[in-house]
Amino acid sequence: MMCGGPSATQPATAETQHIADQVKSQLEEKENHRYSEFKAVSFKSQVVAGTNYFIKVHVGDGSFVHLRVFKSLPHENRPLALSDYQVNKAEQDELTYF
């Protein structure tokens, strides 16, 4: 991984799922939709002045959303923030750097 560039796509971990779960309500509010299924399947990360996480989440019925979540540096003591997202993604859609 080059400095400032995103990592390779990796399978989701328990930590990735925890991050996705923490911003689920932010996505539901923005989309005005409740997701009964919300399973992280893969992710990339990017170290900046904090960390960006790009997470592919299965939301049921073969649909996926891509999330960009920002985790600030520990001393800033800020909650995770849903920076951006893409809806209506398919399983074969590559998790992009957005």
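Along the sequence shown, the residues carry numbers beginning at 1.
- Using a 4.5 Å heavy-atom threshold, the side chains of E31 and V65 count as separate.
- Contact record, L82 with Q26: N-OE1, 2.9 Å, taken as the closest heavy-atom pair.
- No side-chain heavy atom of V23 sits less than 4.5 Å from a side-chain heavy atom of Y85.
- Between A12 and F43, the shortest heavy-atom contact is CA-CD2, 4.0 Å.
- To the nearest 0.5 Å, atom CZ of residue R34 and atom CD of residue E28 are 5.0 Å apart.
- Few gaps surround NZ on K24; more than 12 heavy atoms of other groups in view lie less than 6.0 Å from it.
- Hydrophobic clustering, with ILVMFWY side chains joined whenever heavy atoms are under 4.5 angstrom apart, groups V59 together with V87.
- In this structure, CG on L67 lies 12.0 Å from CG on N52, to the nearest 0.5 angstrom.
- Atom OG of S63 is separated from atom NZ of K89 by 12.0 Å, given to the nearest 0.5 angstrom.
- When all heavy atoms are compared, the tightest approach of T51 to S45 is CG2-CB, 4.2 Å.
- Taking every heavy atom of both residues into account, A90 and F64 meet most closely at C-CD1, 3.7 Å.
- Atom CD of E91 is separated from atom OG of S42 by 9.5 Å, given to the nearest 0.5 angstrom.
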Verdict with reasoning, L27 to F38, per side-chain contact (heavy atoms from CB on, under 4.5 Å): CA-CA 11 Å; L27 176 66; F38 205 75; 3.8 Å; yes
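- Atom CD in Q17 sits 11.0 Å away from atom CD in Q22 (nearest 0.5 Å).
- Figure legend: K44 and F54 shown without cation-pi pairing, the cationic atom not lying both under 6.0 angstrom from the six-membered ring centre and within 45 degrees of its axis.
- Closest approach of H58 and V41 over heavy atoms only: CB-CG1, 4.3 Å.
- Note: I55 CD1 to K39 NZ = 12.5 Å, rounded to the nearest 0.5 Å.
- Counted within 6.0 Å of CD on E29, heavy atoms from surrounding residues, nucleotides or ligands total 12 or fewer; the atom is thus considered open.
- If you chain together hydrophobic residues whose side chains sit under 4.5 Å apart, V57 and L80 fall into the same group.
- Aromatic pair Y35/H33: ring centres closer than 6.0 Å.
- Nearest heavy atom pair, residue R78 against residue S72, reads CB-OG, 3.4 Å.
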